[in-house]
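Heads up: the structure comes next, in structure tokens.
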Amino acid sequence: MKQSRKTPKITEVYRLLEAEFGAVETPLYFTKPYELAIAVILSAQCTDERVNTVTPELFRTFPTLESFAKAPLDSIEKKIFSTGFYKNKAKSIQGFARMVLNDYGGKIPDTMEEAIKLPGFGRKTANVVLAEIYGVVEGFVVDTHVKRLTKRLGFTKKTEPVQIERDMVKITPKEICRNLSLYLIFLGRKNCQARRTFCSTCPLSSLCPSFSA
């Protein structure tokens, strides 16, 4: 009978993934802080690849926060239609632009407490923006890949992103939270997919409790 493996140490997982992926950056394209925020809003239930095909034209059409704030809502909807849930996302984008301009002088706030007040901002979006723009780590980014892999690795039994984030923050040194989340996202795309796993070529195969030969 195959003996089940124990949950690996978070630092060992990080070491192996760092060796596999090296320096990592967010896969979303942006040139301005607010563009990243909008891209993350669009990424809800949508692939980063799809978002990256939509945002170049979106940002050419609406080159400033003011242009997003003043645009007819349907003109934003048309540009983001292919990302899904386009009506809600358009409202969030415009609400975000207006609130940043009116309440924060055009600058995205740099604390979690303030950031999650913005339309379209849950903890995931806030964590991404704070880490990428300000280097502020107040939590752990949990997307669908992170949700899946943290369970398979035995780091959490929770199913809700906020609860998973709490569990990960407890066991992850703050200085590696940002990179580890990105590493898990990349691993989820490459080896540990939702419907298929490629365990034999996974950098974590030697310690993963869910390893399948």
Any residue meeting side-chain contact (heavy atoms from CB on, under 4.5 Å) with T53, in chain and number order, not counting sequence neighbours: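 side-chain contact (heavy atoms from CB on, under 4.5 Å) check on T53 returns R50.
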Check: [Y] and [X] side chains under 4.5 Å, non-hydrogen atoms:
{"X": "P8", "Y": "F155", "value": "yes"}
{"X": "F186", "Y": "P27", "value": "yes"}
{"X": "V162", "Y": "E160", "value": "no"}

Got a list of side-chain donor-acceptor pairs under 3.5 Å for residues 124-140, not counting sequence neighbours?
unit_1 : atom_1 : unit_2 : atom_2 : d
N127   : OD1    : G139   : N      : 3.3
N127   : ND2    : R123   : O      : 3.1
N127   : ND2    : E165   : OE2    : 3.0
E132   : OE1    : R178   : NH2    : 3.0
E132   : OE2    : R178   : NE     : 2.9
E132   : OE2    : R178   : NH2    : 3.1
Y134   : OH     : I108   : O      : 2.4
E138   : OE2    : M112   : N      : 3.3

Parallel, tilted or perpendicular: rings of F62 and F68 (30°, 60°):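 If you compare the ring of F68 with that of F62, the planes turn out tilted.
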Under a 3.5 Å threshold, yes or no: a donor from one side chain and an acceptor from the other, between [X] and [Y]?
{"X": "N191", "Y": "T197", "value": "no"}
{"X": "E20", "Y": "Y183", "value": "no"}
{"X": "T159", "Y": "Q163", "value": "no"}

Nearest non-hydrogen partners of L16 and P203, listed with the distance: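 In this case the closest contact between L16 and P203 is CD1-O, 3.6 Å.
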Minimal non-hydrogen separation, I171 against I10, with atom names: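 Heavy atoms only, the tightest pair is O-CG2, 3.0 Å.
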Lys/Arg N to Asp/Glu carboxylate O, E12 vs R15, below 4.0 Å: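 Looking at R15 together with E12, the answer is yes, because their closest N to O distance falls below 4.0 Å.
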R189 and D48 ion-paired at < 4.0 Å: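 Here R189 pairs with D48 in a salt bridge, since their nearest N and O are under 4.0 Å apart.
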Within 6.0 angstrom of E175 CD, more than 12 heavy atoms from elsewhere: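 Atom CD in E175 is packed in, count exceeds 12.
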K107 atom NZ: more than 12 heavy-atom contacts under 6.0 Å: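 Count not over threshold, so no.
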Partners meeting ring-ring contact (aromatic ring centres under 6.0 Å, His included) with Y86 (sequence neighbours left out):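 In terms of ring-ring contact (aromatic ring centres under 6.0 Å, His included), with neighbours along the sequence ignored, Y86 is linked to F81.
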F198-L17 co-clustered via ILVMFWY side chain contacts under 4.5 Å: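 No, because F198 and L17 fall into different hydrophobic clusters, even though each may have its own neighbours under 4.5 Å.
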